[in-house]
Amino acid sequence: MPEGHTLHRVAASLSHHLGGRTVTSTSPQGRFAAGAARVDGRRLVSAEAWGKHVLVEFEDVAEHVHVHLGLFGGWKVTVPVMGTEAVPDVVGEVRWRLSGPGATADLRGPTACELLTPDEVASLLTRLGPDPLRDDSDPEQAWQRISASRSPLATLLMDQTVVAGVGNVYRAEVLFRHRLPPFLPGRELDRPTWDAVWADLVVLMQDGVQSGRIDTVRPDHTPEAMGRDPRVDPHGDEVYVYRRAGMPCLVCGAPVLTKVVAGRNLFWCPECQRADRLSP
DNA sequence: ACACTATGCTTAG
DNA sequence: TAAGCCTAGTGTG
């Protein structure tokens, strides 16, 4: 379930439960054995998220552990509770296990789990656009790219060098919430609208960090509020268009459309997000 | 038992 | 544009 909010949540959890603690680092599956051994027995300094990337820093180790989940990867952080095992059994393919007195974190299925030198970390970070979840981000940098681009907004929002941390759900939802046509070229977006989109991403994604899920639907737009049956619309409580192809738009009732764009499923409402409805 | 899906990204052609 | 990569859950026979 990896969009930016997931990784910020994980990074905060690791920092909170294991920060400053000496940790055991292993690779039960074996594919990160050397890297895991490099930081085993060290003190965890910090875990930080940049877009969808997580960097974990250890005392007296120059390299950072870099993790990217890809499409299928996931973290599971277990906090010991009275009456449960302090360290859970390994289940499935655990690439990396970080364990300390405060928690055990298991990483499965990542695209990247590797040691990066400081130079490599720097070059990774320069490739990333501003992240709505970081307060050191400057949305102006994204605006420079968007306002100069002929690419569709839907493509630009998924481009991690433009905005870091937005994935397929947030892209579809933020476009809908601002009634923006997904294929509108970036250069045709106006500045006030971009500012509003950015501000909305900040709110939505911060909410996602808090709740651990993506909820974008205003209370007055839920299927129940609109008099529809929530049972036939399993996603309608949470999102406007993502994975709701063929279902009625929560606002206007038109069937939600879907199309594969650059290998990813895009969802939008053809009525609410019409180019000729854009305010001048 | 298989088939299929998924909130991602990189590299080759 | 397509292929490859990584895993688990769900659905179908």
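The analysis underlying the following values was restricted to heavy atoms, covering all of them including side chains, and did not include hydrogens, waters or symmetry mates. These figures come from a predicted structure and were not determined experimentally. Proteins come first, then strands; the chains are lettered A, B, ... in the order of their sequence lines, and each starts at number 1.
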P spacing across the pair dA1(B) / dC6(C), given as an integer number of angstrom = 23 Å
Consider the side chain of E93(A), meaning its heavy atoms from C-beta on, and name the nucleotide among dC6(C), dA8(C), dC9(B) that approaches it most closely.
-> dA8(C)
Taking C-beta and beyond as the side chain, do F267(A) and L257(A) meet within less than 4.5 Å on heavy atoms?
-> no
Do the side chains of D207(A) and L204(A) get nearer than 4.5 Å, heavy atoms only?
-> no
Roughly, in whole Å, what's the span from CG in L157(A) to P in dC9(B)?
-> 13 Å
Quantified in whole Å, what is the P atom distance between nucleotide dC5(C) and nucleotide dG13(B)?
-> 14 Å
Closer than 4.0 Å, any side-chain N/O of K52(A) to the OP1 or OP2 of dT7(B)?
-> no
Check every strand shown and say whether G263(A) touches a base, only sugar-phosphate, or nothing at a heavy-atom separation below 4.0 Å.
-> nothing
Roughly how far apart, to the nearest Å, are dT7(B) and dT1(C) at atom C1'?
-> 22 Å
Specify the separation, in whole Å, of atom CE of M158(A) and atom P of dC9(B).
-> 7 Å
Rounded to the Å, how far apart are I214(A) CD1 and dA6(B) P?
-> 15 Å
Given atom CZ of R95(A) and atom C1' of dC5(C), what is their separation to the nearest angstrom?
-> 9 Å
State whether H68(A) places a side-chain N or O below 4.0 Å from either non-bridging phosphate oxygen (OP1 or OP2) of dC9(B).
-> yes
Answer with base, sugar-phosphate or nothing: what part of the nucleic acid does R171(A) contact at a heavy-atom distance below 4.0 Å?
-> nothing
Can you figure out which of dA8(C), dC6(C), dT7(B) approaches the side chain of R108(A) most closely?
-> dA8(C)
Are E3(A) and K52(A) close enough for a salt bridge, meaning some N to O gap below 4.0 Å?
-> no
Is any side-chain nitrogen or oxygen of Y242(A) closer than 4.0 Å to OP1 or OP2 of dT7(B)?
-> yes
Mark this stacking check for F72(A) against dC6(C) as yes or no, applying ring centres under 5.5 Å and ring planes under 30°.
-> no
For W143(A), does its backbone N or O pair with a side-chain atom of S147(A) as donor and acceptor, under 3.5 Å?
-> yes
Between Y240(A) and H221(A), what is the ring plane arrangement, given parallel below 30°, perpendicular above 60°, and tilted in between?
-> perpendicular
R213(A) near the nucleic acid: base, sugar-phosphate alone, or nothing, with a heavy-atom cut-off under 4.0 Å?
-> nothing
Please give, in whole Å, the distance from dC6(C) C1' to K76(A) NZ?
-> 19 Å
Compare side-chain N and O positions of Q29(A) against OP1 and OP2 of dC6(C) and report whether any pair is under 4.0 Å apart.
-> no
Under 3.5 Å, side chain of R9(A) to main-chain N/O of V209(A), donor-acceptor pair present?
-> yes
Looking at the side chain of R31(A), which of dC6(C), dA8(C), dT7(B) is the nearest nucleotide?
-> dC6(C)
Atom CZ of R127(A) and atom C1' of dC9(B): how far apart are they, to the nearest Å?
-> 10 Å
Please state how far atom CG in N168(A) lies from atom P in dC9(B), giving the value in whole angstrom units.
-> 10 Å
Pairwise C1' distance, dC9(B) and dG9(C) [rounded to whole Å] = 22 Å
